[in-house]
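This structure is a prediction, so every number in the text was calculated from the model and none was measured. The chains referred to below are lettered A, B, ... by the order of the sequence lines, with proteins before strands, and numbering in each begins at 1.
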Number of protein chains: 2
Amino acid sequence: MRDVAVRAGVSTMTVSRVLNEPGKVSEEMRERVLKAVREIGYLPNHLAGSLSSNRSTTIGLIVPSIDNSIYTQTVKGLSEVLKRSGFQLMIAESGYDPNEEEELITVFLSHRVGGLVLHSTEHTPQAVEKIRKSGIPVVENGNIPKEPLDMVVSYSNRDASYAMTMHLGRLGYRKIAFASLYSVHNDRSQDRLKGYLAALKQLGHDPDPRMVLETGRGLAAGAEVVARVMQSVPEVDALFCAGEVLAAGALFECQRRNWSVPGRIALASFDDVDLLRHVSPSITTLRLPRYDIGERTARILLSRIIDGADHLRGSIVDLKFEVIQREST
Amino acid sequence: MRDVAVRAGVSTMTVSRVLNEPGKVSEEMRERVLKAVREIGYLPNHLAGSLSSNRSTTIGLIVPSIDNSIYTQTVKGLSEVLKRSGFQLMIAESGYDPNEEEELITVFLSHRVGGLVLHSTEHTPQAVEKIRKSGIPVVENGNIPKEPLDMVVSYSNRDASYAMTMHLGRLGYRKIAFASLYSVHNDRSQDRLKGYLAALKQLGHDPDPRMVLETGRGLAAGAEVVARVMQSVPEVDALFCAGEVLAAGALFECQRRNWSVPGRIALASFDDVDLLRHVSPSITTLRLPRYDIGERTARILLSRIIDGADHLRGSIVDLKFEVIQREST
DNA sequence: TTGTAGGCGTTATCAC
DNA sequence: GTGATAACGCCTACAA
């Protein structure tokens with residue numbers, strides 16, 4: 001920058017102003033400086049800028065696992081909005097481990113990110129403490145926690161799960177089984193179970209522990225889980241797979257075993273993955289606002305950071321979801 | 001840091017050393033400093049550190065589109081290796097647009113990333129110039145370009161496509177159609193087409209423009225493409241879908257239309273997505289080293305950055321792929 | 001082994 | 001509207 005200033009015959013302050021607040025500089029100066037910038041091929045140093053101004057244009061994002069199709073839409077929403085405002089995204093994965101998450105938060109804080117986006121809503125006390133101390137805005141967006149750290153942009157896993165279970169009940173299914181991803185350190189799974197149980201109660205069905213299953217991720221897990229429940233509870237007439245592509249895996253297994261869907265067993269899913277619409281029978285599922293979550297998260301963070309919108313502190317955005325009835329139920 | 005130094009009764013330099021080169025400090029000092037660090041809850045400022053030392057622990061990654069399942073494995077490989085060395089990942093998407101890519105490169109360079117990972121191998125001349133000037137190591141990993149910027153970690157799209165086409169030819173198929181994603185600004189698609197054509201020549205088949213198709217992404221695109229080729233070239237007996245989940249979409253369409261697979265038409269795919277293994281018939285495809293690419297990319301970058309391994313400059317890592325024969329051919 | 005001085009490239013602040 | 005000066009928090013280089 002010094003070189004640019006010398007070449008343009010001005011002070012470094014003027015160069016800085018031309019680059020950051022062009023309005024506050026006379027047109028003549030502006031052109032002289034920009035010319036010098038071009039000639040030299042000058043690239044501003046954001047590190048120095050952030051250090052000096054104590055402002056950051058970097059947002060830290062921590063997801064449990066990057067290779068999960070449901071996050072990518074959220075990341076895309078985040079990324080697109082942030083990019084427009086010249087903000088950068090730092091991504092890391094916690095592997096569903098709160099201690100790992102804490103460590104990553106520490107690293108991001110060291111990098112002086114301007115804001116933090118956390119998918120998980122379960123954090124170590126130390127992580128909470130560090131975030132509080134840093135004073136930066138945070139958005140949680142995997143679920144709506146009882147005690148938010150700061151802001152929340154999400155849908156309610158409990159409500160969504162409740163809605164789908166009620167939907168199945170209203171369709172006349174009497175023995176509705178429930179499958180989710182392992183619930184250890186996964187409050188999304190835990191809340192989905194709560195929603196399922198609440199709906200059963202509302203429907204007047206008795207909960208049956210044999211019909212509540214947990215499994216891993218992927219199509220194979222879905223296949224496994226439907227086989228398991230058919231074996232242990234032959235009278236089951238519907239299976240709600242509350243996680244990823246489990247339902248598709250379950251459907252493929254049913255086809256292999258010649259269990260008609262929905263005749264022998266109905267299948268329902270969570271999340272509107274493309275695949276669910278294209279298989280036969282197409283699978284009833286929930287449409288969740290994955291992209292919107294990213295977009296709104298970015299917007300609310302930027303408001304806090306750029307506009308200092310302090311009234312947004314602690315705000316909770318509960319986005320809508322929707323049951324999509326298809327052929328599998 | 002000054003506070004820590006005061007509290008421990010040492011100079012800031014000693015604090016810095018304890019944090020970065022603990023070996024060069026006496027044990028007594030070390031403990032005194034660490035105690036002060038804990039008591040104060042001191043968090044180092046990476047920005048200041050990088051600015052001062054002119055070293056960076058941030059890697060910039062640019063992918064065409066984040067919501068693409070095939071990149072996530074690569075990102076995971078990258079992320080896991082980098083994390084172990086305390087490096088951070090900045091991610092952005094270019095939307096298959098070289099100009100957008102150039103802009104993102106500029107931003108990353110402003111942030112003084114220590115290295116750059118680019119999926120695309122097509123860049124604007126200005127982008128190339130800026131990277132050269134910055135002197136930081138770069139890895140391209142979507143393809144093996146004729147004129148690499150610096151290092152390359154990838155498989156050969158041409159060779160993979162050639163291998164699959166030859167495989168179909170050897171199985172006895174005579175009318176092999178080829179579908180890929182749109183090839184504008186997408187050298188991966190272009191090279192896959194080249195591989196297909198080279199294999200046809202080798203097999204003694206005449207190329208037929210009606211059997212070379214381009215389409216968008218997603219299952220619906222796969223459905224569309226198989227319908228299109230069956231319509232225009234009824235005698236087609238195999239379709240090689242060289243892109244994402246196209247083949248799965250094609251299979252679903254065949255099932256809807258009662259075209260038996262592989263009896264009426266054989267289907268082959270690119271990339272070993274979980275889905276392809278689980279549908280019936282399971283789909284013949286290529287296993288590409290997506291995760292390995294990320295891992296190797298990270299390793300080679302770190303060697304350059306940390307160990308200053310200059311002999312790696314310009315090195316090309318051509319990773320192996322594999323044809324997986326399944327029921328659809 | 002530890003400390004001192006100076007500078008990394010910017011921007012905040014306050015004069016002019 | 002423009003410039004001089006002093007930070008920002010850390011690390012390099014050199015000295016003790």
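Residue B/V25 has its side chain nearest to C/dT2 when only C/dG3, D/dT2, C/dT2 are considered. The side chain of A/R17 sits closest to D/dT2 out of C/dT11, D/dT2, D/dG9. Comparing atom distances between the B/M13 side chain and each of C/dT13, C/dG3, C/dT2 picks out C/dG3 as nearest. Each of C/dC14, C/dA12, C/dG3 was ranked by its minimum atom distance to the side chain of B/S11; first place goes to C/dG3.
If you measure from atom CZ of A/R55 to atom P of D/dG9, you get 15 Å, rounded to the nearest angstrom. In this structure, A/E28 places its CD atom 11 Å from C1' of D/dG1, rounding to the nearest Å. Distance CG (B/L19) to P (D/dT12): 13 Å, rounded to an integer number of Å. B/H111 has its NE2 atom 17 Å from the P atom of C/dG9, to the nearest Å. Protein atom CG of B/L47 is 13 Å distant from nucleotide atom C1' of C/dC8, rounded to whole Å. Taking atom CG of B/N20 as the reference point, atom C1' of D/dG9 lies 13 Å away to the nearest angstrom. Distance, A/R30 CZ to D/dT2 C1': 14 Å, rounded to whole Å.
Between the side chains of A/Y291 and A/E80, at least one donor-acceptor pair of N or O atoms lies under 3.5 Å. B/N141 and B/T297 form a side-chain donor-acceptor contact under 3.5 Å, judged by distance and modelled atom types alone. Side chains of A/H123 and A/E102: no donor on one and acceptor on the other come within 3.5 Å.
The 5' end of DNA chain C is approached more closely, in terms of each residue's nearest nucleotide, by B/K24 than by the other of B/L51 and B/K24. Along DNA chain D, the nucleotide closest to A/E27 and the one closest to A/T12 are compared, and the more 5′ of them pairs with A/E27. Along DNA chain C, the nucleotide nearest to B/S52 and the one nearest to B/G23 differ in position, and the one closer to the 5' end is contacted by B/G23.
Listed pair B/S26 / C/dT2 meets the phosphate criterion, a side-chain N or O lying under 4.0 Å from OP1 or OP2. Between C/dT11 and A/S16, a contact under 4.0 Å exists linking OP1 or OP2 to a side-chain N or O. For D/dC10, the OP1/OP2 oxygens have no side-chain nitrogen or oxygen of B/R2 closer than 4.0 Å. Applying the 4.0 Å criterion to OP1 and OP2 of D/dC8, one finds that B/N45 has every side-chain N and O outside that range.
As judged by a 4.0 angstrom heavy-atom cut-off over every strand, A/M1 is placed among the base-contacting residues.
A donor-acceptor contact under 3.5 Å is not formed by the side chain of B/R112 with the base of C/dG9.
Results of the side chain to side chain contact (heavy atoms under 4.5 Å, CB included) test with B/T124 over B/N99, B/I105, B/D97 single out B/N99 as the only residue that passes.
Taking the charged nitrogens against the carboxylate oxygens, A/K35 and A/E31 have no contact shorter than 4.0 Å, which rules out a salt bridge.
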